[in-house]
Colleague: 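Sending over a structure as structure tokens; questions will come in a sec.
Letters A, B, ... mirror the listed sequences (proteins, then strands); counts begin at 1. Because the structure is a prediction, the values reported are computed rather than measured.
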2 protein chains.
Amino acid sequence: MAGTPTIAAVARHAGVSVATASRALHGQGASPATADRVRLVAQELGYRPNAVARALQSGRTGQIAMIVPDAANPVYARMTSAVQHELAADDRQLLVAQAQEASAVAAAIQRFGPQLIDGLIVVPLRPGPQVLDALDRASVPTVVIGSLPESARQGVVRADSRAGVRLAIDHLLERGAHRIGFVNGPVDTTPGRLRLEGYREAIAGAGLEHDPSLEVAADDFTYAAAMPAVRALLDRAGATAIDAIVAANDLIAVAALRALADRGIDVPGDCLVVGMDDTELAQIAIPSLTSVDLGAAARGTLAAAQLLAVLRGDAEATEHTTVEPALVVRESTTRRERR
Amino acid sequence: MAGTPTIAAVARHAGVSVATASRALHGQGASPATADRVRLVAQELGYRPNAVARALQSGRTGQIAMIVPDAANPVYARMTSAVQHELAADDRQLLVAQAQEASAVAAAIQRFGPQLIDGLIVVPLRPGPQVLDALDRASVPTVVIGSLPESARQGVVRADSRAGVRLAIDHLLERGAHRIGFVNGPVDTTPGRLRLEGYREAIAGAGLEHDPSLEVAADDFTYAAAMPAVRALLDRAGATAIDAIVAANDLIAVAALRALADRGIDVPGDCLVVGMDDTELAQIAIPSLTSVDLGAAARGTLAAAQLLAVLRGDAEATEHTTVEPALVVRESTTRRERR
DNA sequence: TTGAAAGCGCTAACAA
DNA sequence: TTGTTAGCGCTTTCAA
């Protein structure tokens with residue numbers, strides 16, 4: 001752009017060398033008088049330092065990229081927002097990309113090579129060989145939100161999905177549920193696998209027998225994908241036979257609410273429902289949704305903080321952290337009293 | 001990073017000059033044999049071009065920034081997603097920032113100076129003098145999604161809020177509503193102002209008298225902010241006196257559904273409800289929500305396309321486009337037949 | 001305290 | 001077809 005004044009222009013107008021102008025603007029090693037004059041000129045000219053030139057010189061851009069599976073899922077909106085907030089405190093920008101399939105995630109990671117970013121936060125649903133390989137090749141410090149092998153060189157912040165599901169099921173048992181259905185997301189994803197394990201452990205731990213007909217998996221962690229899965233569960237199990245449903249996330253839980261309502265099954269009167277992630281959706285739903293907070297915001301904050309620490313050289317790049325879940329009880333598991 | 005090979009390393013290993021290496025990799029003006037050899041060496045070394053250096057040289061980074069008021073509102077998730085999709089086709093990255101207050105928006109615009117971006121898409125809720133000024137100072141081509149004065153130098157893509165509200169109200173009148181309440185967002189925002197105008201026009205156009213007690217405004221376009229506003233409306237107007245509610249967006253509409261349910265008022269039996277934006281929330285809600293599609297995705301796509309055209313030099317920077325609204329009818333305004 | 005000069009990694013004139 | 005050279009805007013040695 002011809003219109004954008006460079007530091008050379010500022011220096012010329014101020015009658016100093018480029019180096020002096022740089023020092024004056026940077027704040028170090030120029031006489032107060034010179035510094036003031038240069039700053040004034042810069043102001044008048046509307047000088048703004050060119051971030052690209054500075055980045056080339058310094059090797060850092062101040063930008064962090066984040067790859068999430070589904071930007072439309074409120075849980076990632078929450079996570080992203082937490083990351084952005086944490087980064088803003090360090091005056092860094094967040095760049096969000098969306099990729100779900102292993103190949104797309106790998107491609108996205110590769111694309112952020114020695115690029116315009118200083119660090120990377122990846123939320124992989126399916127951390128298979130392809131993704132792990134791409135992560136190992138990433139040329140900037142990387143923190144993963146999700147599960148990775150212990151040996152992984154990347155920093156990891158994870159939820160405790162299994163404990164979360166157990167929390168949900170213990171709660172349902174307490175409220176008198178006996179036949180608890182489970183609507184999962186895809187089992188080939190990390191959360192899908194862990195949540196199924198958590199479900200089976202909790203059922204077994206309660207002394208209930210394992211009934212495969214109570215388990216069903218949606219093709220995706222979305223409302224649309226969950227609907228047929230929920231319907232299949234209700235058809236198969238016989239609607240009255242189920243007295244509670246645990247959903248692998250809030251979108252799936254809301255689909256369950258809808259499917260139950262369509263069949264005239266009252267929640268929580270005839271069937272209890274628990275979601276996971278504790279997104280805004282849980283408050284909004286009618287009835288409002290009991291949900292397991294898997295610490296989305298906390299994970300985002302921790303991941304961002306860890307990445308910043310690594311970039312500052314303050315921390316090991318490979319630290320693994322786990323965030324504890326918490327149950328938030330709402331109407332979908334509470335017998336009605338008022339109104 | 002010491003580990004990242006530069007083009008100089010590739011050139012050395014291939015026994016050619018840096019310029020030849022660049023040409024070989026770029027695909028122009030090198031002999032096939034040389035090109036193959038250089039590409040092979042680059043492959044072996046794991047060479048990845050440094051985007052920052054390229055950007056400094058070419059003056060473009062391939063990055064577009066977008067500033068939205070509220071990343072958690074599904075309508076912006078939708079818009080952002082559409083933009084990202086459009087940009088990806090041109091191999092560009094999207095950088096999303098969140099800012100709502102005029103000062104924050106202005107600051108965000110300023111921060112993206114001769115920075116790491118080639119273009120900017122801004123979605124301002126309150127395009128006051130401060131924001132307009134910042135927009136005029138933006139050092140990259142900018143497209144605004146929202147309303148701006150005709151004289152604005154920026155490209156503009158806008159929804160037709162007024163027509164949208166009219167669509168909603170005509171629909172409600174058709175379904176027999178007589179006393180239609182309106183739950184707006186903040187009136188000092190562009191959508192708030194236009195939607196209120198649309199409401200009044202439509203009411204007047206139908207020959208109904210203007211009743212200020214039917215109008216209420218939330219402090220923000222969110223579920224939480226809408227709740228007290230909806231309650232105030234119901235309290236004030238007398239719950240039975242209202243037979244339909246138009247909400248300024250889906251989040252507010254869902255709050256209305258909740259407040260009505262809390263009072264035992266059946267939707268759509270006793271009161272019809274229409275939302276705006278036609279987000280995923282409208283499908284998810286129970287009852288599902290009739291909503292006016294203001295073309296969020298279309299606006300995103302158009303804004304991105306226009307920005308790309310400007311960057312290519314194919315288009316005027318100041319084009320103004322309006323997207324037509326469409327009504328999507330669902331349960332919240334449909335008397336029940338099945339189930 | 002200041003200036004001259006080198007260089008970050010790359011592309012593109014200009015010569016050869 | 002290839003190499004040499006300059007330069008994008010900035011920071012930072014090294015001298016003065």
Side-chain angles (χ1 to χ4, degrees), chain A residues 1-39 41-42 45-63 91 112-118 139-140, chain B residues 1-39 41-42 45-63 91 112-118 139-140:
Chain A
M1 294 282 158
T4 315
T6 69
I7 199 171
V10 175
R12 192 159 6 94
H13 283 255
V16 296
S17 73
V18 176
T20 301
S22 173
R23 282 188 283 253
L25 295 169
H26 215 68
Q28 296 281 347
S31 75
T34 315
D36 281 351
R37 186 156 40 92
V38 172
R39 271 195 284 267
V41 171
L45 259 47
Y47 168 75
R48 312 276 312 278
N50 182 317
V52 175
R54 179 179 287 173
L56 179 60
Q57 210 304 127
S58 66
R60 58 183 293 280
T61 62
Q63 293 192 142
D91 209 38
F112 297 121
Q115 294 281 40
L116 299 144
I117 59 164
D118 297 337
S139 47
V140 293
Chain B
M1 295 280 158
T4 315
T6 69
I7 198 171
V10 174
R12 191 159 7 95
H13 282 255
V16 297
S17 73
V18 176
T20 301
S22 173
R23 281 188 285 252
L25 295 169
H26 214 68
Q28 296 281 347
S31 76
T34 314
D36 281 351
R37 186 156 39 91
V38 172
R39 271 196 285 266
V41 171
L45 261 47
Y47 167 76
R48 314 274 314 277
N50 182 316
V52 176
R54 179 179 286 173
L56 179 61
Q57 182 345 101
S58 65
R60 57 184 293 280
T61 61
Q63 292 192 141
D91 209 36
F112 297 121
Q115 293 283 39
L116 299 144
I117 58 165
D118 297 338
S139 47
V140 293

Colleague: In whole angstroms, how far is the C1' atom of dC8(D) from the CG atom of Leu116(B)?
Modeller: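 Distance check: Leu116(B) CG to dC8(D) C1' gives 15 Å.
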
Colleague: dC8(D), OP1 or OP2 - any side-chain N/O from Thr6(A) closer than 4.0 Å?
Modeller: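 Checking dC8(D) against Thr6(A), no side-chain N or O comes under 4.0 Å of OP1 or OP2.
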
Colleague: Rounded to whole Å, how long is the line connecting atom CG of Leu25(A) with atom C1' of dC10(D)?
Modeller: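 Interatomic distance, CG of Leu25(A) to C1' of dC10(D): 11 Å.
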
Colleague: With the criterion being N/O to N/O and under 3.5 Å, what pairs connect the protein with nucleotides 12-16 of chain D, and how long is each?
Modeller:
none

Colleague: Just the rounded figure in Å: distance from C1' of dC8(D) to CG of Asn50(B).
Modeller: 13 Å

Colleague: Measuring from atom CD1 of Ile117(B) to atom CZ of Arg60(B), what distance do you get when rounded to the nearest 0.5 angstrom?
Modeller: 13.5 Å

Colleague: Determine whether Val38(A) and Val16(A) make a side-chain contact, defined as any pair of heavy atoms from C-beta on separated by less than 4.5 Å.
Modeller: yes

Colleague: Roughly what angle, to 10°, lies between the helix axis at the start of the helix from dT1(C)-dA16(D) to dA16(C)-dT1(D) and the one at its end, five pairs per end?
Modeller: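 Roughly 50°, once rounded to the nearest ten degrees.
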
Colleague: Under 3.5 Å, is there a donor-acceptor pair between the side chain of Arg37(B) and the main chain of Ala14(B)?
Modeller: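 It does hold such a pair.
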
Colleague: Can you tell me how far the OG1 atom of Thr6(B) sits from the CG atom of Leu45(B), to the nearest 0.5 Å?
Modeller: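 CG of Leu45(B) is found 9.0 Å from OG1 of Thr6(B).
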
Colleague: Taking for each residue the nucleotide of DNA chain D with the nearest heavy atom, is it Arg37(B) or Ser58(B) whose nucleotide lies nearer the 5' end?
Modeller: Arg37(B)

Colleague: Measuring from Thr4(B):OG1 to Asn50(B):CG, what's the distance to the nearest 0.5 Å?
Modeller: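 Answer for the OG1-CG pair, Thr4(B) versus Asn50(B), is 8.5 Å.
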
Colleague: Considering only heavy atoms from C-beta outward, does the side chain of Tyr47(A) approach that of Val41(A) to under 4.5 Å?
Modeller: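 They are not in side-chain contact.
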
Colleague: With the side chain of Leu56(B) defined as its heavy atoms from C-beta on, choose the nearest nucleotide among dC10(D), dT4(D), dG9(D).
Modeller: dG9(D)

Colleague: Do any side-chain nitrogens or oxygens of Ser31(A) fall under 4.0 Å of OP1 or OP2 in dT2(C)?
Modeller: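 True: Ser31(A) side-chain N/O within range (under 4.0 Å) of dT2(C) OP1/OP2.
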
Colleague: Side chain to side chain donor-acceptor pair (under 3.5 Å): which pairs involve residues 13-25 of chain B, sequence neighbours left out?
Modeller: Ser17(B)-Thr20(B)

Colleague: Taking only the side-chain heavy atoms of Ala53(B) (C-beta and beyond), determine which of dC10(D), dC10(C), dT2(D) contains the nearest atom.
Modeller: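 Of all the options, the side chain of Ala53(B) is nearest to dC10(C).
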
Colleague: Mind listing the closest non-hydrogen atom pair of Ala24(A) and Ala35(A) along with its distance?
Modeller: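 Shortest heavy-atom contact: CB-CA, 3.7 Å.
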
Colleague: Output yes when at least one side-chain N/O atom of Thr34(B) is less than 4.0 Å from OP1 or OP2 of dT2(D), else no.
Modeller: yes

Colleague: Tell me every residue that passes side chain to side chain donor-acceptor pair (under 3.5 Å) with Ser31(A), counting only those two or more places apart in sequence or in another chain.
Modeller: Thr34(A)

Colleague: I need the CZ-C1' distance between Arg48(B) and dC10(C), as an integer number of Å.
Modeller: 16 Å

Colleague: With the threshold set at under 4.0 Å for non-hydrogen atoms, list the residues of residues 7-16 of chain B touching DNA chain D in residue-number order.
Modeller: Val16(B)

Colleague: Base, sugar-phosphate, or nothing for Gly59(B), non-hydrogen atoms under 4.0 angstrom?
Modeller: nothing

Colleague: Should Asp118(A) and Val140(A) be marked as a side-chain contact (heavy atoms from CB on, under 4.5 Å) after you check the CA-CA gap, both sets of side-chain angles, and the distance that decides it?
Modeller: CA-CA 6 Å; Asp118(A) 297 337; Val140(A) 293; 5.9 Å; no

Colleague: Got a sec, which residues hit salt bridge (charged side-chain N to carboxylate O under 4.0 Å, His left out) with Arg54(B), two or more places apart in sequence or on another chain?
Modeller: none

